[in-house]
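Data block below; observations after.
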Amino acid sequence: MDAVDVSVVTFRPDLDLLERLFASIAEQAEGLAIRVYVQDNSDGADHTPLIRALPALAAGGMFEAVDVARSASNLGFGRGHNANAARGSAPLLWVLNQDCTVEPGVVRPLLEAAARDAVDVAAWEMRQIPYEHPKAYDPVTLDAPWVSGAATLFRRSAFDAVGGFDARLFMYGEDVDLSWRLRARGFRLRYLPRFAVVHRTYAVPAEVKPLQAMGGVRTNLCLRARYGGAGATSRGLALWAAEVLAPQDFPGRRKGMLRAGLDFAREWPHFRHTAVAPAEAFTPHFSMWDYEERRDGAFVPFRSLRESPRTATPLASILIRTVDRGAWLAQALESVANQTWPAIEVIVVEDGPARSAEVVGRFRDRLTIDYVATGERVGRARAGNLALARASGEWLNFLDDDDVLFADHVEVLLEAALSASVKGAYGIAWETRTEITDRAAAAFDEVARAVVHRQPFDRLTLWHHNYLPIQAVLFHRSLYERHGGFAEDMDQLEDWNLWTRYTLDDDFLLVEKTTSKYRVPASARDAASRQALLDDAYRDAVARQASMRMTTSPRTVAQMVDDYVRSQSLVHVSRSDVRAFVGRRPWLARLFAWRGPVMRRLRRYGNAR
């Protein structure tokens, strides 16, 4: 296994917290060649002797070497890590924030994962607890758009090949810049959520941090100049102007934003003249001040096993129905193999001849997996019931063979269900419009992603339409034992029928975090054909509800109706209210004066069609 240099940049550090960081690594360092490099950027008092004297760094400890240096001035985050990298020589460079603590049992597995990985992978990002960064990643390959400087392991040869962090970026966003330069050179970046650090970067969820807000704007403008050219820079400056004019949500905000703009003006020549062109596998992404598409649920917390060990890890069974679609099945299984929950089994039922046995076999060293083929076609519902009957998990989750789960899906839903003492939990799912380029190889282009369902649990709404994508739901085994499985004479919307039965007496819980993706056709013709089948099945599914029975009270029914009306209603605003609102705002009055004739023409055009 390769040696690793641990790089930590400190600034006025909390010595107790810093000791916890080094101790959390030292307790896992036996038999590993770990060298620690610290660059102290603190101004004023000399913290260097105090850092060297920390018990975890003292002579005779678990580290192969310890090197603590003091900066004459505050070098900033990136330059500090570059200084540490220059003093080290190990093939791996582990960049960590001073306020992190490494979770138990992850150091050796992290280094082993890096050793196994392909040479084109340049970095491995760890998950942050309690709040992970919400950027989207590929649930199958775990490829990420960029990696965080808070806790990432770098391949030194790749780090050196692009010159490390840009010294002109003092703080915030320098990790995005380094990531994009690596990707532009053909390197891949991966997110490994099984390996985590505790990083309490927010005092409260969604905390506004002034330095981050202003530093982030400055860096974003710089990266727009380097990667996005004149167009992206112009749009960034327009956003910056809006920030300057926006109401102040903290003292000094407007001055800070003005200063960020002036700093960018000074730095613009450097970033413009070091422009990086897009590459085959890299296109820069600017979304307002962000650099990626984000999953919902940034502040759904994760448990730290160091601080709060689990007392039980109930088994979860992932149930997959497939029909001779080995390449798609492999992607679904890969997303299950990436799950962070430690107790998972997979039941694969092939509806027809055993044509996916080889694909399943490739996962037996990573998953507890049971595979059976029906031999002849029995239908989706019967295949699902076979999977239910073979499952031994306390918790069950269906996964269609062309859908995928983000790595935290089971963990997030199971922890939420246990915490709330409910029999079912469901996350937010991305509906992914997909163009198939090679069906046999499961090659595709994702045209668009959208959240179609974000419905808190409500029985009346569920009786009207299905808002529970099948892979989004984790449910307790007792529901199957009490209500049975799918209606085997249904081939569409069998899952809706299942959910209406399972929730007659038991509530489900919405967890507002994106934990899965399901694919729908991007082609309008294919989508229309699919919808026609669903429309036919809808009438049958509604008719079946007539035979269902539940026991409840009049008060509960009244509350259900009340909740349904509130969830579906719109606030009434009269025309006089609108006129008064617009009349007090001349610019809106001018907009409506222009909009009126245009909308009348559009309505005439729509009626003509």
### Query
Hey, does the side chain of R185 reach the backbone of A161 with a donor-acceptor pair shorter than 3.5 angstrom?
yes
### Message
Quick check with a 6.0 Å cut-off and a 45 degree axis cone: is R127 positioned over the face of Y191's six-membered ring?
### Response
no
### Task
Could you walk me through whether Y227 and W180 pass ring pair (Phe, Tyr, Trp, His ring centres under 6.0 Å), step by step?
CA-CA 9 Å; Y227 298 96; W180 283 5; 5.1 Å; yes
### Message
For W289, is there any backbone N or O sitting under 3.5 Å from a side-chain donor or acceptor partner on N220?
### Response
yes
### Message
I'd like to know if the side chain of R194 and the backbone of Q339 have a donor-acceptor N/O pair within less than 3.5 Å.
### Response
yes
### Query
Is there a donor-acceptor pair under 3.5 Å between the side chain of R253 and the backbone N or O of E243?
yes
#### Entry: D166 side chain to L178 backbone, donor-acceptor under 3.5 Å
no
### Message
Between T201 and Q128, is there a side-chain donor-acceptor contact under 3.5 Å, judged purely by atom types and distance?
### Response
no
### Query
Is a side-chain N or O of R183 found less than 3.5 angstrom from the main chain of P145, in a donor-acceptor match?
yes
### Message
Checking the side chain of S335 only, and the main-chain atoms of L405 only, is there a donor and an acceptor separated by less than 3.5 Å?
### Response
yes
### Message
I'd like to know if the side chain of S308 and the backbone of S304 have a donor-acceptor N/O pair within less than 3.5 Å.
### Response
no
### Task
May I ask you to check whether F159 and W94 place their ring centers less than 6.0 Å from one another?
no
### Task
Test the K209-Y202 pair against the cation-pi criterion, namely NZ or CZ under 6.0 angstrom from the six-membered ring centroid and within 45° of the ring axis.
yes
### Message
The test is ring pair (Phe, Tyr, Trp, His ring centres under 6.0 Å); show your working for Y137 and F406 and say whether it passes.
### Response
CA-CA 8 Å; Y137 58 90; F406 284 101; 5.3 Å; yes
### Query
Does D120 come within less than 4.0 Å of R188, counting only side-chain N to carboxylate O?
yes
### Query
Below 4.0 angstrom, N of the basic side chain to O of the carboxylate: do E293 and K135 qualify?
no
#### Entry: Option passing side chain to side chain contact (heavy atoms under 4.5 Å, CB included) with F154 (candidates D160, V4, V147)
V147
### Query
Taking the six-membered ring for Trp, are F282 and W146 ring centroids under 6.0 Å apart?
no
